[in-house]
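In this text the structure is predicted, and so the values were computed from the model without any measurement.
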Amino acid sequence: MRQLLLAPLLLLLSLPAWAQQPTGEALSTCFVENTSGRDRKDLAKWVFVAMGVHPDMKSIASISSAASDNASRAVGRIFTRLMSETCVKEARAAIKANDSAAFASAFSILGMIAMQEIMNDSD
């Protein structure tokens with residue numbers, strides 16, 4: 001389970017150069033334009049949970065199983081909606097172009113936007 005959480009986190013924390021590819025740019029734009037502030041906060045929560053369950057972070061974060069499950073479910077709903085409803089055309093174009101980097105780029109950019117959502121809070 002830990003590897004399942006950490007792999008997407010690694011993608012989210014780096015901005016790939018492939019974002020400039022047409023399919024990657026279109027998918028990234030679609031993801032960002034079709035997520036709300038609440039969606040981005042849920043994604044940031046999921047990133048926090050993923051970090052909090054890491055063995056080196058457990059001493060400074062207490063993440064319950066329920067919180068972890070809730071964060072995973074929320075992000076699953078967001079990704080499912082993006083891939084199967086709101087960004088279908090862009091996702092299909094990336095698949096047709098065999099551009100797996102487009103997905104990594106889109107999720108990475110969305111992750112950075114999600115972290116900005118949290119960082120913008122003055123508290």
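Looking only at distances, no side-chain donor or acceptor of Ser68 sits under 3.5 Å from a matching main-chain atom of Ser64. At distances below 3.5 Å, not a single donor-acceptor pair connects side-chain atoms of Thr29 with backbone N or O atoms of Ala26.
Residues forming a side chain to side chain contact (heavy atoms under 4.5 Å, CB included) with Ala97 (at least two apart in sequence, or on another chain): Thr23, Asp99. With sequence neighbours excluded, the residues forming a side chain to side chain contact (heavy atoms under 4.5 Å, CB included) with Ile95 are Phe103, listed by chain and number. Partners of Val88 under the side chain to side chain contact (heavy atoms under 4.5 Å, CB included) rule, at least two apart in sequence or in another chain, are Arg92.
Rounding to the nearest 0.5 Å gives a distance of 5.0 Å between CG of Leu110 and CG of Leu43. The CD atom of Glu90 lies 12.0 Å from the CD atom of Glu25; values are rounded to the nearest 0.5 Å. Glu117 contributes atom CD, which lies 14.5 Å from atom CE of Met112 (distance to the nearest 0.5 angstrom). Between the OG1 atom of Thr35 and the CD1 atom of Ile113 there is a distance of 8.0 Å, given to the nearest 0.5 Å. Here Arg40 contributes atom CZ and Gln116 contributes atom CD; the two are 9.5 Å apart, rounded to the nearest 0.5 Å.
Residue Asp56 places its CG atom among more than 12 non-hydrogen atoms of other residues, nucleotides or ligands, all under 6.0 Å distant.
The minimum heavy-atom distance between Ala44 and Met115, with the atom names listed, is CB-SD, 4.0 Å. Nearest heavy atom pair, residue Val49 against residue Ala71, reads CG2-CB, 4.0 Å. Among all heavy-atom pairs drawn from Ala61 and Gly52, the shortest one is CB-CA, 4.0 Å. The shortest non-hydrogen separation linking Asn34 to Leu82 is O-CD2, 3.8 Å. Summarising the geometry of Ala102 relative to Leu27, their closest heavy-atom pair is O-CD2, 3.8 Å, with the distance given to 0.1 Å.
The aromatic rings of Phe79 and Trp46 sit perpendicular to each other, their planes meeting at more than 60°, with 30° as the lower class boundary.
Within the structure, the side-chain hydrogen bond (donor to acceptor under 3.5 Å, both in side chains) test picks out the following pairs touching residues 73-89 (sequence neighbours left out): Asp39-Arg81, Asn70-Arg73. Within the structure, disulfide bond (SG atoms under 2.5 Å apart) contacts touching residues 51-101 (residues at least two apart or in different chains) are Cys30-Cys87.
Hydrophobic clustering, defined by side-chain heavy atoms of Ile, Leu, Val, Met, Phe, Trp and Tyr closer than 4.5 Å, groups Met57 together with Ile60.
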